[in-house]
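This report concerns only the one structure given below.
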There are 2 protein chains.
Amino acid sequence: MSRDIAQRHIIIPALGEIFRENGFAGTSLAEITYRTGLGKGSLYHFFPKGKKEMAEVVLDDVASWFEENVFLPLLECKNPKHGIQIMFKAVDDYFYSGERICLIGAFSLDDTRDQFASKLNSYFTSWNEALTSALKRNGLANKQAKDIAEDVVASIQGALVLARSQDNPKVFTRALKRLQRRIETSIHE
Amino acid sequence: MSRDIAQRHIIIPALGEIFRENGFAGTSLAEITYRTGLGKGSLYHFFPKGKKEMAEVVLDDVASWFEENVFLPLLECKNPKHGIQIMFKAVDDYFYSGERICLIGAFSLDDTRDQFASKLNSYFTSWNEALTSALKRNGLANKQAKDIAEDVVASIQGALVLARSQDNPKVFTRALKRLQRRIETSIHE
DNA sequence: AATATACTGTACCAATTGGTACAATTAAAC
DNA sequence: GTTTAATTGTACCAATTGGTACAGTATATT
């Protein structure tokens, strides 16, 4: 790994948090330099295309985290019920039990959305498909599996929004519990 | 009604759409003057405290729309099942069957959220309480009513986010149908 | 018709925006 | 230890940001 890319990777998480908290339009280079400790010189060395490239790299980073920790387990776990358990655990961890915002969600509602449309789209699509697959391998019919998957992904998003605006993370953890129960019962019918 | 206030009311819907599409940070006065056709002179005449006041007025406007068309029917409809029907119809109309973003949701994820915290909070709280009340009057136990209400409100939010990022309003209409069915069955148990 | 008030266009402001240029410094490779 | 490439700080840029000042023009009210 070249020095270049190594250094670049170090600041991606920091960039992620900044965008998460302020949205794309709401994040200024001034804040980025302040919070990363890097001057514009370094920033534009690592991300020659500027702010937009930073956001793209962050989105890719989020996507690959979910790919590895959520989608893949759902798709490949031998015991699909276990895969779903892993998903809920990973989601709870990732969002700090409701204290962390979903970057993808924030960008989806931002004026930014058109610029990053395909990345945002594929994040939710992948999640949906992976969960649908796991549900089907649990014996659910195609239609019902799709239905529940869409329901779960949407509810998680919504719960994050509500938790934030009510400043109450429990809204999120309650939602996760509810969804787990719903899946349980629909499988055991 | 003074001329002042009358004029002010005319542009509030336009302001709403602009904030909806761009978020708070993403909306510039330049765009506001362009899309409303009003110069800064007029704008600051109607909203002396500037952009922030415009957003506040818009949030109040949204809140009162929901108060009248969603919360009140839920709270006061003699047949509570009918009240819930009214809610779903109103929500579907308001969000143009999934083509329109939720301003409250957008602001909740924006860096703006702290400035408008109490308004955002009370919007979701009111909705939750009104729906809980209607469910209880349909014979559900307090705990279950609260549970379902939170679920419904969160799911609607999430479905709006998904519909937007997938550029597919049907995600939203599907979610509404699903939620209606869920309420139906939980009432008839 | 005169007066008061509501409204609006224009010019202006300091501060901040994202971005560039580049010389100076640091660190790795030979 | 010299060469080569990676990294960074500083100074700078034009454009845009939200906001102000105010004179001028409508529109009521009397």
Side-chain angles (χ1 to χ4, degrees), chain A residues 1-59 103 106-107 110-116 119, chain B residues 1-59 103 106-107 110-116 119:
Chain A
M1 184 139 73
S2 83
R3 215 165 127 214
D4 221 334
I5 295 171
Q7 281 284 24
R8 202 174 125 130
H9 264 82
I10 292 174
I11 49 167
I12 292 177
L15 286 177
E17 293 311 314
I18 301 170
F19 282 126
R20 217 179 279 280
E21 289 169 26
N22 306 308
F24 184 75
T27 297
S28 67
L29 284 181
E31 182 157 13
I32 295 176
T33 59
Y34 175 70
R35 299 231 337 229
T36 59
L38 290 175
K40 286 190 180 182
S42 314
L43 243 28
Y44 275 84
H45 174 71
F46 294 125
F47 307 97
K49 282 185 257 157
K51 198 176 148 185
K52 195 184 170 187
E53 187 177 1
M54 299 180 208
E56 272 166 358
V57 168
V58 165
L59 285 174
L103 179 70
F107 274 40
D110 203 316
D111 58 331
T112 314
R113 83 187 78 94
D114 296 331
Q115 288 179 58
F116 304 109
K119 286 184 199 292
Chain B
M1 184 139 72
S2 83
R3 215 166 128 214
D4 223 334
I5 294 172
Q7 283 282 25
R8 203 174 124 129
H9 265 81
I10 292 173
I11 49 168
I12 292 176
L15 286 176
E17 293 310 316
I18 301 171
F19 282 125
R20 217 178 279 281
E21 289 169 26
N22 306 309
F24 184 75
T27 298
S28 67
L29 284 180
E31 181 157 13
I32 295 176
T33 59
Y34 174 70
R35 299 230 339 230
T36 60
L38 290 176
K40 285 190 182 183
S42 312
L43 243 27
Y44 275 83
H45 174 72
F46 294 124
F47 307 98
K49 282 185 255 157
K51 198 177 148 184
K52 195 183 171 189
E53 187 177 2
M54 298 179 209
E56 272 166 357
V57 168
V58 165
L59 285 174
L103 179 70
F107 274 38
D110 204 315
D111 58 331
T112 314
R113 84 188 77 94
D114 295 330
Q115 288 180 58
F116 304 109
K119 285 183 199 294

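Residue numbering restarts at 1 for every chain, and letters A, B, ... go by the order of the sequence lines. Keep in mind it's a predicted model, so treat the numbers as computed, not measured.
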Letter per nucleotide, 5' to 3', of nucleotides 17-23 of chain D [B base touched, S only sugar-phosphate touched, - untouched; heavy atoms, 4.0 Å]: SBBB---
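- One atom, CD1 of B:Ile32, and another, C1' of D:dT16, lie 14 Å apart when rounded to the nearest Å.
- Spacing between atom NE2 of A:His45 and atom C1' of C:dT25 amounts to 13 Å, rounded to whole angstrom units.
- Residue pairs that meet the salt bridge (Lys or Arg N to Asp or Glu O under 4.0 Å) test with at least one member in residues 9-20 of chain A, sequence neighbours left out, are A:Glu17-A:Arg20, A:Glu17-A:Arg100.
- By the ring pair (Phe, Tyr, Trp, His ring centres under 6.0 Å) test, A:Phe47 pairs with no residue at all, sequence neighbours left out.
- The separation between B:Gln7 atom CD and D:dA26 atom C1' is 11 Å, rounded to whole Å.
- The side chain to side chain donor-acceptor pair (under 3.5 Å) check on B:Lys119 picks up B:Asp60, with sequence neighbours excluded.
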Side-chain polar contacts of residues 24-39 of chain A - donor-acceptor pairs under 3.5 angstrom, sequence neighbours left out - could you list them?
{"residue": "A:Thr27", "atom": "OG1", "partner": "A:Gly23", "partner atom": "O", "Å": "2.6"}
{"residue": "A:Ser28", "atom": "OG", "partner": "A:Glu31", "partner atom": "N", "Å": "3.2"}
{"residue": "A:Glu31", "atom": "OE1", "partner": "A:Asn22", "partner atom": "ND2", "Å": "3.2"}
{"residue": "A:Glu31", "atom": "OE2", "partner": "A:Arg35", "partner atom": "NH1", "Å": "3.4"}
{"residue": "A:Thr33", "atom": "OG1", "partner": "A:Leu29", "partner atom": "O", "Å": "3.3"}
{"residue": "A:Thr33", "atom": "OG1", "partner": "A:Ala30", "partner atom": "O", "Å": "2.8"}
{"residue": "A:Arg35", "atom": "NH1", "partner": "A:Glu21", "partner atom": "OE1", "Å": "3.1"}
{"residue": "A:Arg35", "atom": "NH2", "partner": "A:Glu21", "partner atom": "OE2", "Å": "3.4"}
{"residue": "A:Thr36", "atom": "OG1", "partner": "A:Ile32", "partner atom": "O", "Å": "2.6"}
{"residue": "A:Thr36", "atom": "OG1", "partner": "A:Leu38", "partner atom": "N", "Å": "3.2"}

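- Not a single side chain to side chain donor-acceptor pair (under 3.5 Å) links B:Ser42 to another residue, sequence neighbours left out.
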